[in-house]
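Computation of the quantities below employed the complete heavy-atom set of this structure, encompassing side-chain atoms and omitting hydrogens, waters and symmetry-equivalent molecules.
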Amino acid sequence: FAAGLLLLQMVIGREAMENLPLFTWLDSNSVSKIWRKVKAYDILTGHKNVLSKEFMDLIENLLHFDPTKRLSFEDVHQHIWMNITFQEDI
């Protein structure tokens with residue numbers, strides 16, 4: 001669970017995380033609230049968090065309250081988002 005929060009913070013940034021009232025969605029166990037809050041923050045600040053479907057899937061599967069539903073370390077390692085290769089112009 002904590003790894004999911006840390007990864008989310010690394011991707012969307014510290015400032016965005018500080019503006020996410022995490023306990024709001026923790027109480028309802030609804031990860032979809034995170035995406036709505038990130039989008040609202042982006043609109044408010046003009047910031048653009050472009051989150052892939054693969055990243056959102058990984059976070060959603062890491063932030064299950066029930067540990068039996070969370071991804072295992074091996075599952076995280078094999079997740080598509082962890083294995084995407086990016087081509088950069090050199």
Side-chain angles (χ1 to χ4, degrees):
F1 192 89
L5 290 176
L6 289 171
L7 182 59
L8 180 63
Q9 181 170 358
M10 289 188 316
V11 171
I12 70 170
R14 179 174 168 238
E15 187 177 324
M17 282 295 285
E18 288 175 351
N19 288 292
L20 276 177
L22 293 177
F23 293 107
T24 300
W25 65 265
L26 283 173
D27 289 340
S28 66
N29 194 19
S30 174
V31 179
S32 63
K33 283 189 177 182
I34 292 175
W35 311 133
R36 287 195 300 269
K37 295 288 185 183
V38 169
K39 186 174 183 176
Y41 172 79
D42 289 350
I43 291 169
L44 181 67
T45 62
H47 190 265
K48 295 194 182 192
N49 271 304
V50 180
L51 304 177
S52 69
K53 290 183 278 186
E54 296 84 5
F55 174 74
M56 292 169 66
D57 178 71
L58 177 60
I59 294 299
E60 289 170 11
N61 283 293
L62 286 171
L63 296 183
H64 279 290
F65 278 109
D66 182 350
T68 63
K69 294 182 180 178
R70 276 184 225 138
L71 294 178
S72 68
F73 178 77
E74 185 62 30
D75 292 335
V76 171
H77 184 69
Q78 293 177 3
H79 191 277
I80 189 168
W81 189 81
M82 298 294 286
N83 292 290
I84 295 173
T85 52
F86 297 96
Q87 294 182 345
E88 294 184 31
D89 294 333
I90 297 178

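- Contact between Met82 and His77 at its shortest, heavy atoms only, is CB-O, 4.0 Å.
- Glu60 is linked by a side-chain contact (heavy atoms from CB on, under 4.5 Å) to Val31, Trp35, Met56, counting only residues two or more places apart in sequence or in another chain.
- Considering every non-hydrogen atom in both Glu54 and Ile80, the closest pair reads CG-CG2, 3.5 Å.
- Here Leu71 contributes atom CG and His64 contributes atom NE2; the two are 7.5 Å apart, rounded to the nearest 0.5 Å.
- Looking at residues two or more places apart in sequence or on another chain, you find a side-chain hydrogen bond (donor to acceptor under 3.5 Å, both in side chains) between Asp57 and Asn61, His79.
- Between the CG atom in Leu62 and the CG atom in Leu6 there is a gap of 10.5 Å [rounded to 0.5 Å].
- Trp81 and Phe73 are not part of a single hydrophobic cluster, where members link through side-chain heavy atoms under 4.5 Å apart.
- With hydrophobic clusters built from ILVMFWY side chains whose heavy atoms lie under 4.5 angstrom apart, Leu8 shares a cluster with Phe65.
- Under the side-chain contact (heavy atoms from CB on, under 4.5 Å) criterion, Lys53 pairs with no residue, sequence neighbours left out.
- Within the 4.5 Å cutoff, side-chain heavy atoms of Leu7 are placed close to those of Phe55.
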